[in-house]
Amino acid sequence: MDVSFLVLVVIITALAFDFTNGFHDTANAMATSIATGALKPKIAVAISAVLNLVGAFISTEVAKTISGGIVDDAKVTPAIIFGGLIGAILWNLVTWLLGLPSSSSHALFGGLIGAVWIASGSDAVHFSTVVSKILLPAVMSPIVCGIVALLGTFLAYKITARARQRSVTEGFRHGQTISASMVSLAHGTGDAQKTMGIITLLLITSGHLSSNAGPPWWVILLAGMAIASGTYMGGWRIIRTMGKGLADIESPQGFAAETSSTAVLLASSHLGFALSTTQVVSGGILGAGLGRKLAEVRWTLAGKMALAWCFTLPVAALVGGLSGKVADSGNGGVAIIAVIAIVMVSGIYLLSRRNAVTATNVNDATSVTLEPEAVPA
């Protein structure tokens with residue numbers, strides 16, 4: 001297979017991952033606003049899509065961390081990157097099918113680390129950077145966001161205790177249109193960069209860019225457009241889980257969760273920490289749930305999500321590692337992995353169409369039956 005053609009194939013695969021990242025993570029920005037009635041579903045995903053695209057142009061620090069910090073670019077080939085992306089895409093689609101808000105970011109990191117490790121050896125992975133830039137922030141970020149959201153929720157109810165309930169609800173719903181939009185902007189700033197970093201790493205390893213180069217403008221644009229397109233599709237299965245599954249969320253809680261998530265995500269993007277938006281926002285929702293007296297937090301579901309988070313890196317690494325090893329064996333290996341991936345993606349899609357999702361339309365409190373990716377009426 002011609003190297004330039006393989007590079008093109010990997011770029012398309014990276015953008016396909018970015019697309020799955022978009023619809024997988026739409027819930028991060030808009031689930032609570034949809035659940036509280038602050039925004040209608042179609043409007044919410046449209047706003048989120050536009051701001052994801054805008055956010056992609058704000059910073060490239062995370063992209064530089066991925067392209068120049070996690071692995072040794074001298075020991076990486078386009079075929080290895082291709083294998084890592086396959087691991088990330090398959091994990092994203094499986095967890096979406098199950099309605100589990102897992103981390104697209106960690107799926108990508110796991111796939112890439114596994115592919116490079118198995119194909120090029122452990123010395124090709126910079127584990128100190130993985131620990132400092134990925135693992136430690138992954139543990140701390142949902143805790144920090146949860147504490148901030150808890151305090152914010154407590155103060156919001158304390159300050160408005162004597163105000164008219166209707167006025168409080170409407171006021172915070174208006175506030176949520178801003179806070180949810182800021183989460184979308186932060187999501188684009190962080191998550192779009194991860195695909196930028198992968199494509200930049202690909203261009204470096206294939207000799208199209210010099211070592212330690214940042215993402216070119218066209219890479220930023222394509223990554224932003226891909227994640228925005230996926231976001232507009234709307235991952236309704238995961239929106240249902242995040243908006244109504246974790247906790248009973250009212251508008252003051254939604255505002256607190258979204259504001260705290262935005263602060264954590266934007267700060268991490270500026271510092272080059274590759275955080276999981278899913279974990280940060282989930283921490284914010286749990287904190288907001290705990291911050292309101294008598295609010296119900298569904299710890300069983302939270303435990304299932306935490307379990308999915310624990311499996312994300314190793315499973316994506318295993319699938320990415322095996323895929324990368326086969327793909328790196330030559331043209332035939334790349335073709336085999338591509339065919340297997342297409343068959344598996346097609347199977348997941350067919351399963352999703354067979355199983356309709358029953359959800360509550362949070363705008364008018366009527367029960368509707370949705371196709372898995374259909375927008376509530």
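Atoms considered below: every heavy atom in the structure, side chains included; atoms not considered: hydrogens, waters and symmetry mates.
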Notebook entry, point to check: Could you go step by step and tell me if Leu53 and Met225 meet the side-chain contact (heavy atoms from CB on, under 4.5 Å) rule?
Noted result: CA-CA 6 Å; Leu53 177 58; Met225 290 177 65; 4.0 Å; yes
Run the side-chain contact (heavy atoms from CB on, under 4.5 Å) test on Ile118 and Ile80 for me, step by step, so that the C-alpha distance in whole Å, both residues' side-chain angles and the decisive distance to 0.1 Å come before the verdict. CA-CA 9 Å; Ile118 292 178; Ile80 292 174; over 6 Å; no
Yes or no on side-chain contact (heavy atoms from CB on, under 4.5 Å) for Leu112 and Leu85, after CA distance, side-chain angles and deciding distance? CA-CA 7 Å; Leu112 177 63; Leu85 286 167; over 6 Å; no
side-chain contact (heavy atoms from CB on, under 4.5 Å) between Asn92 and Trp96, worked out:
CA-CA 6 Å; Asn92 261 4; Trp96 161 76; over 6 Å; no
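Leu155 and Leu286 sit in two unconnected hydrophobic clusters of ILVMFWY residues. Membership requires side-chain heavy atoms under 4.5 Å apart, directly or through other members. In the hydrophobic cluster analysis, where Ile, Leu, Val, Met, Phe, Trp and Tyr join through side-chain heavy atoms closer than 4.5 angstrom, Phe5 is grouped together with Val7.
In this structure, Phe127 has its ring center under 6.0 Å from that of Trp117.
Thr77 and Asp328 are linked by a side-chain donor-acceptor pair at a separation below 3.5 angstrom, with hydrogens and angles left out of the test.
Atom OH of Tyr157 sits in a crowded spot, with more than 12 heavy atoms from other residues, nucleotides or ligands closer than 6.0 Å. Other residues, nucleotides and ligands contribute more than 12 heavy atoms inside 6.0 Å of the CZ atom of Phe57.
Here the OG1-CD1 distance, from Thr13 to Ile86, works out to 5.5 Å after rounding to the nearest 0.5 Å.
For the pair Val71/Ser120, no side-chain contact is recorded, criterion being any heavy-atom separation below 4.5 Å from C-beta on. You'll find the side chain of Thr259 stays beyond 4.5 Å of the side chain of Val183, heavy atoms only. Inter-residue side-chain proximity for Trp309 and His106 is flagged as unmet; no heavy-atom pair is nearer than 4.5 Å. Here the side chains of Leu201 and Ile70 are not in contact, with every heavy-atom distance at 4.5 Å or above. Looking at heavy atoms from C-beta onward, Phe19 lies out of side-chain contact with Ile227 at the 4.5 angstrom threshold.
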